[in-house]
Asker: 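Attaching a single structure in structure tokens format; questions to follow.
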Number of protein chains: 2
Amino acid sequence: MVSSTAAVSKRLKNYIDLTEQELDTLSRMIGPSRMISAGGEIVHEGQSGHRAFILQDGWVMSYKLLPEGARQIIDFQVPGDFLGLRSLLLRTSDHSFEAVTDVLVGEVKAQDMLSAFSSAPRLAMSILWSVSCDEAMVVEHLVNIGRRSAIERTAHFLLELGARLRSIGVGDAQGYPCPLSQYQLADTLGLSAIHINRVLRQLREQNLVTFQKGVVQFNDLKKLTELAEFEMGYLDQVGPVLVS
Amino acid sequence: MVSSTAAVSKRLKNYIDLTEQELDTLSRMIGPSRMISAGGEIVHEGQSGHRAFILQDGWVMSYKLLPEGARQIIDFQVPGDFLGLRSLLLRTSDHSFEAVTDVLVGEVKAQDMLSAFSSAPRLAMSILWSVSCDEAMVVEHLVNIGRRSAIERTAHFLLELGARLRSIGVGDAQGYPCPLSQYQLADTLGLSAIHINRVLRQLREQNLVTFQKGVVQFNDLKKLTELAEFEMGYLDQVGPVLVS
DNA sequence: CGCTGAGTTGACCATAGTCAAGCACTGTGG
DNA sequence: CCACAGTGCTTGACTATGGTCAACTCAGCG
């Protein structure tokens, strides 16, 4: 059984090592956990009200739908990530959140977060850092879709996901478990599902990565990284300047 | 001659009507203006240090370069926009800023902004709102590139730009001045410059928009909006919840 | 045992990229 | 004043990347 803060604290520790007391403040900030089953909607079109969530277990995606029915997935959230935090701090573009797998989320009320922030500023800092990484990832996603070919895009995406998961202790240089369907991959990368399938085959046949049956397996990490021009600088950045 | 706050205050007034005193605080927050000529670099790869800029006159673009030399333009800034504010608050993905036209910027030191914030919280709120809009635009940009065809993308972009400019009092339903080259348009929309040229011709021949000689002219705003599925909801949103 | 949904594959088509050439305008130096 | 180089725009011809349609497999499930 996972403690409600296990994933988050692991994630935040990538930025600064929080004290016992700060971790305690963190866990008191999180309200009761709620279970949502795969496919369930968590937030519809950004209407989250005055609360955010911490994802404790499972995968979530944020996406936008176009009038015609096309879907663009903005980002995936993995355990330890915040949901709707940006929309609480900043109010972002209205997008929806949906559970990709069965999911466990802890609710955070704006009020509770504010008081946690004033009693533990280093905690506030590390959470801001986490938001900051999300930001950077959206920009990188834009670059990925705008200026890379289908095969480079896909490679880049699988590598980025791997790096994120490793930061919360999931998977290793060999690979990681990945519950995404090819349709979701397609809507993330701005491609058709059919083409994603072809691209995955190519990657497999060139012995770079294998993504099958819910597992991503790196066959040649070095060549894959070169193909994707992957640089993970934007994932572990130096954190907010203003607050330090 | 433009006062140093003319554009910014016009922009912020779209969110709340600032008082004389708040406008005064705003103008004292802004340091000496600096002139940068077209093509000049303003911030290189996010290394802005502890300061941001307010764009008083001219156009700026933020972009990322890929190792191979490809360029993805993330966003354009027009008068009244902040430069590097997000990277000061949050530290975003490392991208560079370059002047598109000759440009006038006012420097803002982190320290000065903080004290302005504490003496005028409503000002802080409206600036956060402005950051929030930038956010929303990056997400919308992602959707645009990921899920729309070349012609829809281009139409959407020209409409968005028009809406932004109108909010600072530039242009009208007929059109607006636009100093962007077709190369810049291409790198914004994830297309080749040559294809952008073809798309612009199509839009012109179908009597939807004309973009020539630095002027965008809407020929049929209604049909263009339909083609692009343009909804400007994300541009004038309700603003930060937390602070209100 | 027949659904359903995800994944595969092939054939064909269309959108967008590449290459190449030429035009118009501007600013510079002879 | 003219020749020029440079830059941005334009067009055509050809190519290729990725989309669409259709059919089939396979696993899970009532």
Side-chain angles (χ1 to χ4, degrees), chain A residues 37-39 59 61 66 68-73 98 100-102 144-157 177-206 209-217 227, chain B residues 37-39 59 61 66 68-73 98 100-102 144-157 177-206 209-217 227:
Chain A
S37 47
W59 290 41
M61 62 184 185
L66 295 192
E68 284 163 8
R71 175 177 68 169
Q72 176 65 47
I73 296 178
E98 183 183 309
V100 172
T101 62
D102 288 352
N144 205 21
I145 292 191
R147 280 288 171 241
R148 279 193 264 254
S149 70
I151 195 166
E152 292 165 344
R153 257 182 247 186
T154 309
H156 194 278
F157 176 75
C178 175
L180 304 179
S181 74
Q182 295 188 353
Y183 292 86
Q184 288 164 339
L185 222 49
D187 285 346
T188 305
L189 298 174
L191 299 167
S192 70
I194 294 175
H195 198 64
I196 275 287
N197 184 290
R198 292 193 280 243
V199 167
L200 288 178
R201 178 164 38 144
Q202 262 187 275
L203 288 169
R204 200 183 325 128
E205 283 169 357
Q206 291 177 36
V209 239
T210 309
F211 177 21
Q212 267 173 338
K213 300 183 176 284
V215 177
V216 171
Q217 193 185 334
L227 168 69
Chain B
S37 48
W59 291 40
M61 64 183 179
L66 295 191
E68 283 162 10
R71 174 178 69 167
Q72 176 64 49
I73 295 180
E98 184 182 308
V100 172
T101 62
D102 287 352
N144 206 21
I145 293 190
R147 282 285 171 244
R148 279 194 263 254
S149 70
I151 194 167
E152 292 165 344
R153 257 181 248 187
T154 309
H156 194 279
F157 176 75
C178 174
L180 304 179
S181 75
Q182 294 187 355
Y183 292 86
Q184 289 163 339
L185 261 185
D187 285 346
T188 305
L189 299 174
L191 299 166
S192 70
I194 293 174
H195 198 64
I196 274 288
N197 184 289
R198 292 193 278 242
V199 166
L200 288 177
R201 179 168 31 147
Q202 262 186 274
L203 288 169
R204 200 184 324 128
E205 285 170 354
Q206 291 177 36
V209 240
T210 309
F211 176 20
Q212 267 172 338
K213 301 186 173 282
V215 177
V216 171
Q217 193 186 333
L227 169 70

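Note that these values count all heavy atoms, side chains included, but never hydrogens, waters or copies made by symmetry. Lettering of chains follows the sequences in order, A, B, ..., and the numbering in each one begins at 1.
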Asker: Tell me if a side-chain donor or acceptor on T188(B) pairs with a main-chain N or O of I73(B) at a distance below 3.5 Å.
Answerer: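 No; zero donor-acceptor contacts below 3.5 Å.
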Asker: For residues 180-187 of chain A, which residues have at least one heavy atom under 4.0 Å from DNA chain D?
Answerer: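 Close to the strand, none.
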Asker: I need the E98(B) CD to Q184(B) CD distance, nearest 0.5 Å.
Answerer: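 That separation rounds to 7.5 Å.
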Asker: List in chain and number order the residues that pass side-chain hydrogen bond (donor to acceptor under 3.5 Å, both in side chains) with R153(A), two or more places apart in sequence or in another chain; answer none if no residue qualifies.
Answerer: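 R153(A) satisfies side-chain hydrogen bond (donor to acceptor under 3.5 Å, both in side chains) with no other residue.
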Asker: Quick one: pull up CG in N197(B) and CG in L185(B) and give me the separation to the nearest 0.5 Å.
Answerer: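 The distance works out to 10.5 Å.
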Asker: Among I145(B), L189(B), N144(B), which one satisfies side chain to side chain contact (heavy atoms under 4.5 Å, CB included) with H156(B)?
Answerer: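 With H156(B) as partner, I145(B), L189(B), N144(B) yield a single side chain to side chain contact (heavy atoms under 4.5 Å, CB included), made by N144(B).
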Asker: For R147(B) and L191(A), work out which heavy atoms get closest and say how close.
Answerer: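 That closest heavy-atom pairing would be NH2-O, 3.0 Å.
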Asker: Does OP1 or OP2 of dC9(D) have a side-chain N or O of N197(B) closer than 4.0 Å?
Answerer: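 Negative; the distance criterion is not met.
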Asker: Go along nucleotides 16-21 of chain C 5' to 3' and tag each nucleotide: B for a protein heavy atom under 4.0 Å from its base, S when only backbone or sugar atoms are that close, - otherwise.
Answerer: BBBBB-
Asker: Is F211(B) close to I196(B) at the side-chain level, that is, under 4.5 Å between some pair of heavy atoms?
Answerer: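 Contact flag for I196(B)/F211(B) side chains = no.
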Asker: Mind checking side-chain hydrogen bond (donor to acceptor under 3.5 Å, both in side chains) for R201(A) and listing every partner two or more places apart, or none if nothing turns up?
Answerer: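 Applying side-chain hydrogen bond (donor to acceptor under 3.5 Å, both in side chains) to R201(A) gives none.
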Asker: From CD of E152(A) over to P of dT17(D), roughly how many Å is that when rounded to an integer?
Answerer: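 Taking atom P of dT17(D) as the reference, CD of E152(A) is at 11 Å.
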Asker: Closer than 4.0 Å, any side-chain N/O of Q212(A) to the OP1 or OP2 of dT8(C)?
Answerer: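 Yes, such a contact exists.
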Asker: Residues in side-chain hydrogen bond (donor to acceptor under 3.5 Å, both in side chains) with E152(A), at least two apart?
Answerer: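 Checked E152(A) against side-chain hydrogen bond (donor to acceptor under 3.5 Å, both in side chains); matches are S149(A).
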Asker: Set out, in order, the CA-CA distance, both residues' side-chain angles and the distance that settles side-chain contact (heavy atoms from CB on, under 4.5 Å) for Q206(A) and I151(A), then state yes or no.
Answerer: CA-CA 11 Å; Q206(A) 291 177 36; I151(A) 195 166; 4.2 Å; yes
Asker: In the 5'-to-3' direction, what one-character label does each nucleotide of nucleotides 25-30 of chain D receive under the scheme B = base within less than 4.0 Å of a protein heavy atom, S = sugar-phosphate only, - = no such atom?
Answerer: ------
Asker: Starting from P on dG18(D), measure out to CG on L200(A) and report it in whole angstrom.
Answerer: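 My rounded result for the distance is 13 Å.
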